[in-house]
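Shown next, in structure tokens, is the structure this report addresses.
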Amino acid sequence: MKNSSLIRTALAATLVIATLQAQVKQHPIPRLVQKDGRYALMVDDAPYLVLAAQTRNSSAWPSRLPLLWPALEYDHVNTVEIPVYWNQLEPQPGKYDFSLVDMILSEARKHQVHVIPLWFATWKNGSQHFMPDWMKMDTARYAHDVNKNGETVDSPSPFATASLEADKRAFAALMGHLKQVDAQRTVIMVQVENEPGSYGTVRDYSPAAQKFFDAPVPPEILNAMHVNAATNATWQQAFDADADEYFNAWAVAKYVGQVAAAGKAVYPLPMYANAALRNPLNPGPASTYESGGPTDNVLSIWKAAAPSLDLLAPDNYQTDPAAYLKDLELYHRADNALFLPETGHPENARFFFKVLGLGGIGFSPSGGNTEAEFAPTDHSKARFDALEPWAQNYRLIGPMQREVARLNFEGKLQAVAEEKGKTTETLPFGTWNALVGYGATGRGPAVGNPTPTGRALVAQLSENQFLITGYYCRIDFRPAGTEEQRRSQTIAIGNGQNPSAQIDGKWVHRQFVRVEEGTYENGVFKFQRMWNGDETDWGLKFGGDPVVLRVTLATY
Ligand code: DGJ
């Protein structure tokens, strides 16, 4: 498609967008809410679970995005994460071109998905590669980090105030445009920068930076890190070996926080920063990973230095399951909602259920995994097979995502994923324990699946009614007694066909009153058929097909 017609299309999109906006009903602005340490992303005033996929870095162009929909639809996403490029958006200082933003909005609306724009600006993977040309050409004004040997490195300096002011202006312009053209709230959340921080130097050693490094640590940082240092303690005095990294985290966080604040002042959408992770189990020195980003060890510095950010999010590509799960735990904090803007490696797809189990608000395999190495026009089986591990989750949870998000926010939902060597899980729900077994066929014990692919979700609808679903697992229930009974006695348990417990000296057995298979249509459970007999004896088994059951229990 020749350039002139591409621009004509994008401009046409802008025009259409503007005229249509006049008639569009204003939807409530999405927001992140918190209750009892649990979080929900409210979209149209109700909890919403982000089932996203991220495009590749260079896909946010009219010549590419339209080609991605077959894969994104196969993935059953309800949200697409896609970059907005500063260098394209502000080709000359103060001149803003929103044609690509408008193209993204019109494409997303055509495919009825929400959008999370990724503001590729001062930082993209620690470098300034998406800064406008006129900034890249003026490194005196828009300075880079300087390393210990005085050499300039391929990372922007968080002390370059000209860069900060320019980024704040451009981001505020973007948010202003979204406010103007997106009354229907296609955009539900915004990522500010991408994996900010620095490679090649743990901090900026420039004179501008050194002045701050030699100055007292701001008290809010000492408090955040629970360091009881002498008054006016410098970074070196307060943090010793960690001083360089913590200083860089403070500087980068302060910068990103100010950019976010400038955007929020115009249009207060939920905003987050994403982190290139270190290995949480064996991190090594800061020179071996990206320094200054919201890595697990400096989350509290980021929380203190960038309060305008709603959450800090791990790009979780860990291949060691223990490290993957450790990072989920580290980012799941009372002051931080868990959201995975990027993840990869098909064997990690099952951990979507772990994220749900930790009250996560969303999940997103990233470009390399969703666009994979296939040409966008390749609709071969191999192409979709590569997407299947991710698509399988969303195919199941997509139709019921509102219900899952609501039940999770209300603390009524638990979800688990199989880990090698762990064949069963017990999930306490008051007077009932849900029993999950992996690789359990027929009446036999759970022996684990050949490869750990099992996942289960159990949500309590009322005292004796549950919503359950999952893959490659068996779910059953055992009476658990009241809290008082559990406190006052040792409750013996019995396996067998109907799991039982000896409570107050009497054996109490689980019975299924009803097991209804159903589907969700527009968020409502639609009854399909009853399970009974062989399908309920010895527990409820889930294979590879998307199945949702509503289970009513009683005892005898
Ligand atoms: C993490 C970055 O955030 C992504 O944009 C991409 O560069 C991946 N790393 C690697 O593909």
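All values below were derived from every heavy atom in this structure, side-chain atoms included, with hydrogens, water molecules and symmetry-related copies excluded. Atoms within a ligand are numbered from 1 in the order they appear, just like the ligands themselves.
Every atom of ligand 1 is numbered from 1 in the order shown, and the set under 4.0 Å from a heavy atom of N194 is 2 (C), 3 (O), 5 (O). Short contacts between ligand 1 and E195, defined as distances under 4.0 Å to a heavy atom of the residue, involve ligand atoms 1 (C), 2 (C), 3 (O). Each of the atoms 3 (O) of ligand 1 lies under 4.0 Å from some heavy atom of D315.
Under the 30°/60° scheme for interplanar angles, the aromatic rings of F159 and W250 are found to be tilted. Ring pair F363/W390 is tilted by interplanar angle, where 30° to 60° counts as tilted. Between H111 and W69, the angle of the ring planes stays under 30°, which puts this pair in the parallel group of the 30/60° scheme.
Close N/O approach between Y317 and ligand 1 is not found [any backbone or side-chain N/O within under 3.5 Å].
Exactly one of T295, D296, T288 qualifies for a side chain to side chain donor-acceptor pair (under 3.5 Å) with R278. That residue is D296.
Taking a 4.0 Å cut-off on heavy atoms, K124 registers as neighbouring ligand 1.
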Task: Working for side chain to side chain contact (heavy atoms under 4.5 Å, CB included), residues T343 and F352 - done: CA-CA 10 Å; T343 189; F352 165 67; over 6 Å; no
